Amino acid sequence: MNRKIAILGGGNLGAAIAEGLIQSRFCKAQDITITRRRTELLKKLAQKGVNITSDNKKAVAENQLIILAVKPFQAHEVLREIKKHLRQEAQLVSVVTGLTIHEIKAALGKKIAVYRAMPNTAISIRQSMTCLAHDGASAEQIKFVKNIFDALGQTVIIDEKLMDAATVLGACGTAYAMRYIRASIQGGIEIGFDAATATLISAQTVKGAAELLLPVSYTHLTLP
C-alpha cells in the first residue's frame, strides 16, 4: 500500500506523529506532507525532508491516507474545506478529541474508510497507547492504519462507543501515573534521597512494573 501520508494540523500532536513515523522508518520523510498556517513553525521537519504547506486541499488531493490532527473547534471547517478534494480511495484518520466517526462521515458526504484514534502524550517518544476505531475499512486498510500507530507505541482496536472510556484509561491515565510518580519522588526526597536519585528510583520502578505486566496482558489480548 502507498505510504504517502498527509497530516492536517502541524501542532504538537501532528508534528509528533510525523517525527515518530520518520524515526521508526515507517515511511520516508519525503512521503509525509504536513499542513499548518504558519509553516515557519515546522522548520525542523522541513529540514528533514517533510513536505510543508498551508494548503489543506492540495495535501488531501495528493495523498491517500489523511490524518486529521487539528483543534476540535477547527475540525468541521477543515472537513468542509477538503471534502471535494478527497481521492476516491482515500482513508481519513481523526485524532481530534470528541469528534465521532458519524460526524466525520456526515460532514464529508462520501463513502470512504474513516478511523478515530486516541493516542496519548507518550506518542512524542513513540510510547503511546493508542485506541483505534473504524468504519468502512477493509482488513488490509485496518492493518495499515494500525501499523502506523504501532510505529508510535502500542495500538488496540476497540468499539467506538468505548472511546470516551479509552480517553480516561489511556490518555488521562498518563496524568494519573505522573501524579503517582511525583508523589513518590517527593516521598523519596523526604526520607533522604536527592531529587535526581529519587526521580530515577520512582520512574524506573513504575517502568519496571509496567514491563512486568505488558507481556502477559498484551500478547494474550484478542482484538475485535
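For the single chain, residues carry numbers from 1 onward in sequence order. Since the model is a prediction, treat every value here as computed from it, not as a measurement.
- The closest donor-acceptor contact from the side chain of Asp135 to the backbone of Val114 lies at 3.5 Å or more, if one exists at all.
- In this structure, Ile185 and Ala198 approach most closely via the heavy-atom pair O-CB, 3.7 Å.
- Atom CD of Gln88 has 12 or fewer heavy atoms from other residues, nucleotides or ligands within 6.0 Å.
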Side-chain donor-acceptor contacts of residues 32-46 below 3.5 Å, not counting sequence neighbours, with atom names and distances?
from, atom 1, to, atom 2, distance (Å)
Thr35, OG1, Gly9, N, 3.2
Thr35, OG1, Asn56, OD1, 2.7
Arg36, NH1, Gly10, O, 2.9
Arg38, NE, Glu40, OE2, 3.2

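- Here Leu79 contributes atom CG and Ile104 contributes atom CD1; the two are 6.5 Å apart, rounded to the nearest 0.5 Å.
- Within the 4.5 Å cutoff, the side chain of Val60 has no heavy atoms near those of the Lys83 side chain.
- The closest side-chain heavy-atom distance from Ile82 to Leu8 is below 4.5 Å.
- Within a 6.0 Å sphere centred on NZ of Lys105, other residues, nucleotides and ligands contribute more than 12 heavy atoms.
- No donor-acceptor distance shorter than 3.5 angstrom exists from the side chain of Asp159 to the backbone of Ala133, with no hydrogens or angles considered.
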Donor-acceptor pairs are to be reported for all side-chain atoms of residues 160-170 against protein atoms at under 3.5 Å, with residues two or more places apart or in another chain.
from, atom 1, to, atom 2, distance (Å)
Glu160, OE2, Ile101, N, 2.9
Glu160, OE2, Arg116, NH1, 3.1
Thr167, OG1, Met163, O, 3.0

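- Considering only heavy atoms from C-beta on, His134 stays 4.5 Å or farther from Val145 through its side chain.
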Show your reasoning for whether side-chain contact (heavy atoms from CB on, under 4.5 Å) applies to Ile17 and Ile67.
-> CA-CA 9 Å; Ile17 291 172; Ile67 299 178; 4.1 Å; yes
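- Considering only residues two or more places apart in sequence or on other chains, Thr53 meets the side-chain hydrogen bond (donor to acceptor under 3.5 Å, both in side chains) condition with none of them.
- A 4.5 Å side-chain heavy-atom check between Ile148 and Ile5 finds at least one atom pair inside the cut-off.
- Here Leu132 contributes atom CG and Asp150 contributes atom CG; the two are 9.5 Å apart, rounded to the nearest 0.5 Å.
- Between the NZ atom of Lys71 and the OG1 atom of Thr97 there is a distance of 9.5 Å, given to the nearest 0.5 Å.
- Put simply, OG1 on Thr130 and CD1 on Ile157 are 11.5 Å apart, with the number rounded to the nearest 0.5 Å.
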Verify salt bridge (Lys or Arg N to Asp or Glu O under 4.0 Å) between Glu62 and Lys4, making sure each step is shown before the conclusion.
-> CA-CA 9 Å; Glu62 294 178 351; Lys4 293 185 67 176; 5.8 Å; no
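- No side-chain heavy atom of Arg87 sits less than 4.5 Å from a side-chain heavy atom of Ile112.
- At least one side-chain heavy atom of Glu81 sits less than 4.5 Å from a side-chain heavy atom of Lys57.
- Put simply, OG1 on Thr205 and OH on Tyr180 are 7.5 Å apart, with the number rounded to the nearest 0.5 Å.
- Heavy atoms only, all atoms of each residue included: Ser94 and Leu99 are closest at OG-CD2, 3.8 Å.
- Closest approach of Ser124 to Ala16, counting heavy atoms only: CA-CB, 4.1 Å.
- To the nearest 0.5 Å, the span separating CD on Glu140 from CD1 on Ile142 amounts to 11.0 Å.
- Under a 3.5 Å cut-off, the side chain of Thr199 and the backbone N or O of Ala195 do form a donor-acceptor pair.
- Here Phe26 and Phe149 keep their ring centres 6.0 angstrom or further from each other.
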